[in-house]
Protein chains: 2
Amino acid sequence: MTTENVYKNISLKKVAEKAGVSIATVSRVINNSPNVNPETRIKIEKIIKDLKYTPNRVAKRLRNRSSSGSLLGVLIPDIQNPFYVEVLRGIEDVAYKNKYALIMCNFAQDENKEKLYLDILQSESIDGLIAAPTHEHDQKVTNLVKAGLPIVCVDRGLVDVDVDVVLVENRKGAFTAVDYLAKKGYKRIAYISGIPKLPSSRDRELGFRDALEANKLSVFTELIKYGDSRHDSGVRLCAELLELPNPPDAIFAGNNLITLGALETIHKKGLKIPGEVAIIGFDDMYWSISLNPPLTAVRQPAYEIGKCAAEQLISRINNPGRPTSSMILKTELMIRNSC
Amino acid sequence: MTTENVYKNISLKKVAEKAGVSIATVSRVINNSPNVNPETRIKIEKIIKDLKYTPNRVAKRLRNRSSSGSLLGVLIPDIQNPFYVEVLRGIEDVAYKNKYALIMCNFAQDENKEKLYLDILQSESIDGLIAAPTHEHDQKVTNLVKAGLPIVCVDRGLVDVDVDVVLVENRKGAFTAVDYLAKKGYKRIAYISGIPKLPSSRDRELGFRDALEANKLSVFTELIKYGDSRHDSGVRLCAELLELPNPPDAIFAGNNLITLGALETIHKKGLKIPGEVAIIGFDDMYWSISLNPPLTAVRQPAYEIGKCAAEQLISRINNPGRPTSSMILKTELMIRNSC
DNA sequence: ATTATTTATGTAAACGTTTTTATTGCAATA
DNA sequence: TATTGCAATAAAAACGTTTACATAAATAAT
């Protein structure tokens, strides 16, 4: 049933034996505590090298509830979304530099899965967590924050508790995009929203409405569609829009995956972009230029988000007392040919 | 300097106290071992529920070198590559179903980073590893296999040791693609290869050559370019190809990222696809249809690869003695409009 | 010369499990 | 009745660390 690995690492004990010294002393040289005889230190260091000793991170974590340079959790909603992949890259780079390993949890927008993963993370005694919670009132994450686990939220904040957070200017970014559309002369602009309970979706909708108002365009409620932030909902909702008796002349897509889905639908219907319908996306991808047509989109600095979040997290781990901070990063309009 | 989390989980001890019983007994009901009084069991189960006890996975792993349902390592070369993201999804789904958490290690084609990550993984006492090693002779991974750590290789095998492996028919897939090109009448077909020391790159080149030969086309060595499997090399090598005095009329791109890079270059030069230059890719993406033009490509069942690998791994963990197996999955030509 | 302080090291407890071994009480067997 | 066997449980060791405490020797202070 259960198994046994043959391989076994060198432990402190082995090193101590070889050096004719107690494990405490060896531990001290490893964590270079003061008060160890320079000669002893050198001798032990040599043995450590010879034996290729590496400390056991599991034992370390068991002993020290939070041990420096150990394990970070990452809880993301959808690893198929290139945005989160970029965020992950940013996190990973920083984590690696600081000798943290990453437990990756992709909860696929499933709140049950999220809960289970959080249990696992807690039970793995992670040192900190970067999370994009399912929504602003996420109980489980909120509780963890309250319990004192270092946490940084990305893409979406938490409302019932004070927590570090890294976001982008969703409202402003959306405004820029839709304003651009309006200035180009489009009159019937649609919005395909991601999951409406997400603050990012709502903020983008606000930006969308701001821009329509600023340009004295009316908002047509039938042109606002709410989906689930995934590719299929882009496909489906875009079809619904285009089949309207009076379809939109331009579409603002709420995220990456929705944009791709919408493009798919438009192409399937054989419509010309931007001639018959224009499209602008929230979220840029490095291959947006190779899309048909090259996509105009609001770029989120995804890599930066991940990087900042990881830095914030590590800073909090090292200094749990410091006041919480929220970083709001800027977006950028990447103008190409889809509108 | 170091920190202390306030939060602390319920331990076996607490449960045992509450139940007026020894921790051994509690442990027994948890792992439902036989020989525990049904009444005691019920009583303890209730307390476990009341106290919301969850076992500490760290302690578990420390005690049992390999404890069922704990930690798996994933070592992948490039998380920016959508192919690996799909593989990861497959792995993650299976892992989650079996209560394994995943430590994600993205070594970004950097052998040093790979080594460091492997050290970390080992020191985390992972139960098993899914890896796409840097090359067939990867010392570190080879050693781990020899040491008895359950390992499954994906995308690339290991040559100095017997190991489970999940691959696709690279040679045949490449043949199909290039044969398709040839049958369409293209005469000067180029190949942009990924890292040449990877077996997958080499196999795809073999398939490429097979197809040229089968169609009585000559291979022009100046039309075979070797890169590093990344986006930039696609951009660069495609440019080199197109600037040749006698440029190719069709390009077979060795992977995902290369295809995207090549597309970028072709578009920058304002060439018509497939009129002025055709392109066919190895690796399909779910949004290939939205590219300009919709991309014809060889589809690897990436999700399946991940799924199979994870299943193989778990099966090996539960049964370390079983003979190694290699699974070779089929590819599929997705015909669209880029050639 | 005596006491206090510092320095280097060792001992042992603790983290939360699993598991081997030991200890009960009780029924069954002789 | 004495012995054996079994079922249920407890006790304790082990996994590999860190660290508070103890000890001993060496140095400094009185």
Side-chain angles (χ1 to χ4, degrees), chain A residues 1-5 7-44 48 51 53-71 122-127, chain B residues 1-5 7-44 48 51 53-71 122-127:
Chain A
M1 186 69 225
T2 8
T3 92
E4 31 170 329
N5 285 344
Y7 83 101
K8 208 173 144 151
N9 277 348
I10 306 295
S11 68
L12 268 193
K13 202 169 151 194
K14 282 260 165 51
V15 177
E17 268 168 25
K18 194 105 178 180
V21 82
S22 79
I23 59 171
T25 307
V26 182
S27 173
R28 273 189 281 258
V29 348
I30 283 163
N31 305 312
N32 42 42
S33 332
N35 294 347
V36 25
N37 188 317
E39 292 174 29
T40 320
R41 159 159 284 141
I42 291 175
K43 184 178 67 177
I44 294 181
I48 288 179
L51 260 45
Y53 164 81
T54 53
N56 181 316
R57 297 164 65 103
V58 178
K60 226 163 158 167
R61 261 212 309 295
L62 178 58
R63 176 61 228 266
N64 301 359
R65 203 126 262 306
S66 178
S67 68
S68 69
S70 198
L71 246 199
Q122 201 176 350
S123 142
E124 286 285 355
S125 300
I126 53 169
D127 302 312
Chain B
M1 183 74 222
T2 6
T3 92
E4 29 170 331
N5 286 343
Y7 82 102
K8 211 176 142 147
N9 278 346
I10 306 295
S11 69
L12 268 192
K13 201 168 150 196
K14 283 260 166 49
V15 177
E17 268 168 25
K18 195 104 178 180
V21 84
S22 79
I23 59 170
T25 307
V26 182
S27 175
R28 273 187 283 259
V29 348
I30 284 163
N31 305 312
N32 43 44
S33 332
N35 292 347
V36 25
N37 188 317
E39 291 173 31
T40 320
R41 158 158 283 141
I42 290 175
K43 184 178 66 178
I44 293 181
I48 288 180
L51 260 44
Y53 164 81
T54 52
N56 181 317
R57 297 163 66 101
V58 178
K60 226 162 158 168
R61 263 212 310 294
L62 178 59
R63 176 60 230 262
N64 301 358
R65 203 125 261 306
S66 177
S67 67
S68 68
S70 198
L71 246 200
Q122 201 176 349
S123 143
E124 286 285 355
S125 300
I126 52 167
D127 303 312

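Numbered from 1 within each chain, the chains take letters A, B, ... in sequence-line order. When reading the values below, keep in mind they use all heavy atoms of this one structure, side chains included, and skip hydrogens, waters and symmetry mates.
Using a 4.0 Å heavy-atom cutoff across all strands shown, A:P34 reaches no nucleic acid atom at all. Note on B:R61: nothing from the nucleic acid sits closer than 4.0 angstrom, heavy atoms only. A:T25 comes within 4.0 angstrom of the backbone, heavy atoms only, and of no base. B:S11 comes within 4.0 angstrom of the backbone, heavy atoms only, and of no base. Looking at heavy-atom distances under 4.0 Å, B:N56 makes contact with sugar-phosphate atoms alone, never a base.
Between A:P55 and B:S123, the closest heavy-atom pair is O-OG, 3.1 Å.
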Exercise for the section: Could you walk me through whether B:R61 and B:S125 pass the side-chain hydrogen bond (donor to acceptor under 3.5 Å, both in side chains) test, one step at a time? Expected result: CA-CA 7 Å; B:R61 263 212 310 294; B:S125 300; 5.4 Å; no
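Regarding A:Y53, its OH atom lies at a distance of 10 Å from the P atom of D:dG16, rounded to whole Å. If you measure from atom CD1 of A:I30 to atom P of D:dG16, you get 13 Å, rounded to the nearest angstrom. Whole-Å rounding puts the B:K13 NZ to D:dA10 P distance at 16 Å. Across the protein-nucleic acid pair, B:R57 atom CZ and C:dC15 atom C1' stand 18 Å apart, rounded to whole Å. Nucleotide C:dT20 holds its C1' atom 14 Å from the CG atom of B:N35, rounded to whole Å. In this structure, B:L12 places its CG atom 4 Å from P of C:dT17, rounding to the nearest Å. When the C1' atom of C:dC15 is taken as reference, atom NZ of B:K14 falls 12 Å away, rounded to whole Å. Here the P atom of nucleotide D:dA14 and the CD1 atom of B:I23 are 15 Å apart, to the nearest Å.
Judged by atom type and distance alone, A:R28 reaches the base of C:dG10 through a side-chain donor-acceptor pair under 3.5 Å.
Comparing atom distances between the B:V21 side chain and each of D:dT9, D:dG16, C:dG10 picks out D:dT9 as nearest. Distances from the side chain of A:S22 to the nucleotides D:dT17, C:dA8, C:dG10 place C:dG10 closest. Listed nucleotides C:dG16, C:dT11, D:dA12 differ in distance to B:A24; the shortest reach to its side chain belongs to D:dA12.
A:E124 has its side chain within reach of B:L71: a pair of non-hydrogen atoms, C-beta onward, lies under 4.5 Å apart.
Look at B:S33 and you won't find any side-chain N or O under 4.0 angstrom from OP1 or OP2 of C:dT19. Using a 4.0 Å cut-off, some side-chain N or O of A:T40 falls inside it from OP1 or OP2 of C:dT9.
Toward the 5' end of DNA chain D, the nearer of the two residues B:L62 and A:N31, judged by each one's closest nucleotide, is B:L62.
Among the candidates A:I30, A:N31, A:V29, the single residue satisfying the side-chain contact (heavy atoms from CB on, under 4.5 Å) test with A:S27 is A:N31.
Heavy-atom contacts from other residues, nucleotides or ligands closer than 6.0 Å to NZ of A:K43 number more than 12.
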